[in-house]
S.K.: 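One structure coming up, written as structure tokens, with questions to follow.
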Amino acid sequence: MLKIKDLHAKIDGKEILRGINLEVKAGEIHAIMGPNGSGKSTLAAVLTGNEAFEVNEGEVEFNGEDLLDMAPEDRAREGLFLSFQYPVEIPGVSMTNFMRTALNEQKKHKGEEPLSASDFLKLMRDRKKLVDIDSDLTNRSVNEGFSGGEKKKNEIFQMAMLDPKLAILDETDSGLDIDALRIVANGVNKLKRSDNATILITHYQRLLDYIEPDYVHVLYKGRIVKSAGKELARELEEKGYDWIKKEFEE
Amino acid sequence: MPEIRFKQTILECIMATEQDKLLEEVTNREYQYGFHTDIEMDMLPKGLDEEVIKEISRRKKEPEFMLEFRLEAYRNWLKMESPDWAHLKIPPIDFQDMIYYAAPKKKPQLESMDEVDPELRATFDKLGIPLDEQKVLAGVAVDAIIDSVSVKTTFRETLAEKGIIFCSISEAIQEYPDLVKKHLGSVVPPGDNFFAALNSAVFSDGSFVFIPKGVRCPMELSSYFRINAMNTGQFERTLIVAEDDSYVSYLEGCTAPMRDENQLHAAVVEIVALDRAEVKYSTVQNWYPGDKNGKGGIFNFVTKRGICKGDYSKISWTQVETGSAITWKYPSCVLMGDHTVGEFYSVALTNNYQQADTGTKMIHLGKNTRSLIVSKGISAGFSQNSYRGLVKVSKRAENARNFSQCDSLLLGDKCGAHTFPYLEINNNSAKVEHEATTSKIGEDQIFYCNQRGIDTENAVGLIVNGYVKEVINQLPMEFAVEAQKLLQISLEGSVG
Ligand SMILES: Nc1ncnc2c1ncn2[C@@H]1O[C@H](COP(=O)(O)OP(=O)(O)OP(=O)(O)O)[C@@H](O)[C@H]1O
Ligand SMILES: [Mg+2]
């Protein structure tokens with residue numbers, strides 16, 4: 001589904017990603033961990049087409065297509081979704097209108113008819129249940145005045161609405177209370193199928209207690225310096241990153 | 001009104017300049033033969049003096065009081081100077097180099113919609129203008145396909161039954177001279193300001209609305225129903241009188257791009273509301289703004305004022321402004337009666353090199369008067385957008401209340417937004433609140449939309465329409481949908 005080859009990216013002349021290699025297949029869940037500032041969010045931004053970053057080397061293939069060649073909105077329409085670490089507020093734009101526009105853009109891209117108002121509202125109701133989000137939130141403007149946890153829940157709600165092929169969740173667990181964490185994790189598990197995939201960016205084992213990853217990668221100074229099974233996350237939780245840093249510096 | 005949000009459609013890209021070119025072509029295709037003699041017969045030479053004014057009045061077969069009204073205005077005008085422009089950069093205007101009387105030009109009559117430029121039609125479709133209205137705008141003979149003449153007749157009959165008068169001001173001067181004499185100039189006196197004085201001296205035509213006692217006008221009165229109101233030229237004059245316990249909602253303008261060879265437009269609108277009457281005046285203004293480099297474009301200097309003369313009366317102005325090279329416009333309310341209410345809802349959008357200086361004046365004279373101001377400025381490109389508002393509370397205006405909300409939205413960093421609130425409070429019981437915000441459409445907001453599959457053009461449309469919602473909601477439904485699309489089209493190409 002996703003093949004990243006030797007990806008380098010920089011901002012303001014400073015190289016942040018320094019040769020990333022990663023392959024994600026359909027049906028898989030990958031966790032990406034790593035110290036603050038190691039480039040996890042940058043990787044997500046580059047994959048989704050944020051123009052603040054400049055790709056100076058490497059290739060990315062998404063479902064057989066050249067991802068880096070696509071406009072950000074086309075990447076989204078092709079089924080790439082990012083749950084933002086810091087979701088943005090858009091005052092005055094209702095969640096309903098926002099989601100309807102997004103969904104219909106996706107349909108148009110696929111050559112499908114737009115959803116009727118009643119089908120759309122039915123879908124909203126259905127997906128709201130899945131992530132247990134308050135109607136009160138979806139009646140408001142996009143993220144406006146939402147608490148940190150509510151914003152994260154709203155990202156997962158949007159993911160449920162858009163049903164992406166590949167979802168990148170950037171620290172969706174941070175800021176969630178214990179109940180919310182379980183609800184969000186349940187939502188992600190329910191949306192998981194053999195034909196989609198998930199990349200979880202996280203600092204904590206506790207999310208991985210609910211969502212079991214097939215692989216865990218450690219990103220450090222813009223490179224993936226270690227990859228292993230889910231046991232790696234537990235090891236990191238116990239020992240921290242020092243041993244990996246040491247290994248890497250040698 | 002969720003329906004409106006759902007109606008938002010995805011617009012493809014036609015650059016504004018292309019639209020203008022098309023319109024120019026269409027409007028310039030004048031009837032080749034016979035038109036010339038018309039011009040010779042029905043046009044006065046350039047320049048302005050008392051003889052020209054007498055000639056205008058004579059050709060319009062006006063009663064004596066109108067000539068005096070015009071002459072008084074002219075003499076006032078001579079003594080006045082063009083206002084100090086503050087934030088506007090205005091090239092000098094040579095008033096002797098203009099023609100002050102020309103019979104309305106007839107657009108070429110086309111046989112059917114098939115003869116209209118397909119791209120112009122595409123623009124109309126994008127704006128969602130009803131087919132009937134499209135025909136009027138494009139100059140298609142309307143009776144051929146759908147009998148809109150009979151629609152209009154039914155419309156007139158319904159109004160007449162209720163005693164409502166809705167006609168051109170020229171017609172009103174002939175038919176209802178007493179009504180006109182009583183109210184014309186009672187809100188905007190002939191010597192009010194430079195452009196109002198000029199308008200009073202030379203106005204060519206406009207609309208007249210009269211709603212008698214106790215009558216609620218059963219439909220939105222739109223100048224569209226009077227086709228000739230479309231061609232009233234550069235000095236338009238409108239007078240609306242609402243008697244005791246009456247109600248009317250009046251719509252002016254249209255969302256289709258309007259082109260005119262006259263660079264200067266100086267209109268005057270007067271509204272009189274008597275006891276418990278309510279007048280809603282909504283306008284969408286989309287005059288030619290000039291090209292991307294700021295060349296050409298219309299200068300729009302308008303005096304709009306309403307007086308809440310009777311107790312418990314209410315006047316509310318709603319405007320969406322996207323056009324003109326230069327706009328200078330302050331719809332105002334004089335709250336003379338006790339318990340009267342004045343409202344002003346405005347969206348002013350400027351792009352490229354446009355300049356807008358708009359706002360309102362709320363003059364509290366009566367007791368327990370209230371006013372509300374909601375102003376939303378949007379600036380893009382190299383444009384300058386100023387809000388200028390005056391709230392004045394006189395000595396005897398006990399318990400006056402005002403709330404003003406003035407927001408500015410910037411797209412890019414080459415444009416400017418300015419807010420100038422003026423307060424003159426002469427009564428201690430007054431409560432006046434002012435809130436102002438300035439925000440920018442952030443790249444992060446646009447990227448967030450992109451990441452959900454919404455392209456930049458539509459993301460800007462979505463964000464802008466969210467920002468202006470409070471004002472748009474004041475417009476009648478059909479107008480609101482058109483206005484939203486208009487805003488989006490006006491911003492095409494301004495981001496990304
Ligand atoms: N817009 C920017 N301008 C300059 N430097 C940036 C910018 N965005 C990111 N960086 C830098 O790039 C590096 C990687 O940042 P990134 O946000 O990808 O880290 P992260 O791994 O997601 O960290 P965290 O775990 O704290 O979320 C950091 O040193 C950060 O300061
Ligand atoms: Mg991060």
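Below, chain A is the first sequence line, B the second, and so on; all start at residue 1. Computed from a predicted model, the values in this text were never measured in an experiment.
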S.K.: Under 4.5 Å heavy-atom distance to chain B, tell me which part of A:Glu89 shows up: side chain, backbone, both or neither.
M.R.: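 For A:Glu89, the backbone is the part near chain B, not the side chain.
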
S.K.: With side-chain contact (heavy atoms from CB on, under 4.5 Å) as the test, would you mind laying out the steps for A:Met124 and A:Phe157 before giving the verdict?
M.R.: CA-CA 9 Å; A:Met124 283 265 283; A:Phe157 166 68; 3.7 Å; yes

S.K.: Test the B:Arg452-B:Tyr448 pair against the cation-pi criterion, namely NZ or CZ under 6.0 angstrom from the six-membered ring centroid and within 45° of the ring axis.
M.R.: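 Yes.
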
S.K.: Quick one: do the B:Asn402 and B:Ser404 side chains pair a donor with an acceptor below 3.5 Å?
M.R.: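 There is such a pair (donor and acceptor under 3.5 Å, judged by atom type) between the side chains of B:Asn402 and B:Ser404.
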
S.K.: How about residues 46-55 of chain A versus chain B: which residues have heavy atoms under 4.5 Å apart?
M.R.: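 At a heavy-atom separation under 4.5 Å, chain B is reached by A:Thr48, A:Gly49, A:Asn50.
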
S.K.: Distance only, no hydrogens: is a donor on one side chain within 3.5 Å (strictly under) of an acceptor on the other, for B:Tyr281 and B:Glu252?
M.R.: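 Present: a donor and an acceptor within the cut-off.
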
S.K.: Between A:Leu82 and chain B, with a heavy-atom cut-off of 4.5 Å, which part of the residue counts as in contact: side chain, backbone, both or neither?
M.R.: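 Both parts, heavy atoms under 4.5 Å.
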
S.K.: For residues A:Gln106 and A:Asp163, is any side-chain donor paired with an opposing acceptor at under 3.5 Å?
M.R.: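 Result is no, nothing qualifies.
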
S.K.: B:Gln355 and B:Gln384: side-chain donor and acceptor closer than 3.5 Å?
M.R.: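 On atom types as modelled, these side chains do not qualify, holding no pair under 3.5 Å.
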
S.K.: Do A:Leu123 and A:Leu103 touch side chain to side chain, with heavy atoms closer than 4.5 Å?
M.R.: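 Yes. Closest side-chain heavy atoms under 4.5 Å.
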
S.K.: Considering only heavy atoms, which portion of A:Tyr86 lies under 4.5 Å from any heavy atom of chain B: side chain, backbone, both, or neither?
M.R.: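 The answer is neither part of A:Tyr86.
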
S.K.: Please look at A:Pro87 and chain B and tell me whether the side chain, the backbone, both or neither of the residue comes under 4.5 angstrom of a heavy atom of that chain.
M.R.: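 Both the backbone and the side chain of A:Pro87 come within 4.5 Å of chain B.
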
S.K.: Within the structure provided, determine whether B:Pro331 and B:Gln319 are in side-chain contact (heavy-atom separation under 4.5 Å).
M.R.: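 Result yes, sub-4.5 Å side-chain heavy-atom pair found.
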
S.K.: Evaluate the criterion salt bridge (charged side-chain N to carboxylate O under 4.0 Å, His left out) for residue pair B:Lys280 and B:Glu220; output intermediate values, then yes/no.
M.R.: CA-CA 10 Å; B:Lys280 260 182 89 110; B:Glu220 312 276 350; over 6 Å; no

S.K.: Test side-chain contact (heavy atoms from CB on, under 4.5 Å) on B:Ser386 and B:Phe420; report intermediate values, then the result.
M.R.: CA-CA 8 Å; B:Ser386 305; B:Phe420 306 98; 4.0 Å; yes

S.K.: Enumerate by number any residue of residues 125-148 of chain A whose heavy atoms lie under 4.5 Å from heavy atoms of chain B; in the absence of such residues, state 'none'.
M.R.: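 A:Val142, A:Asn143, listed by number.
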
S.K.: Measuring from atom CG of B:Asn450 to atom CZ of A:Arg75, what distance do you get when rounded to the nearest 0.5 angstrom?
M.R.: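 One finds 10.5 Å between CG of B:Asn450 and CZ of A:Arg75.
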
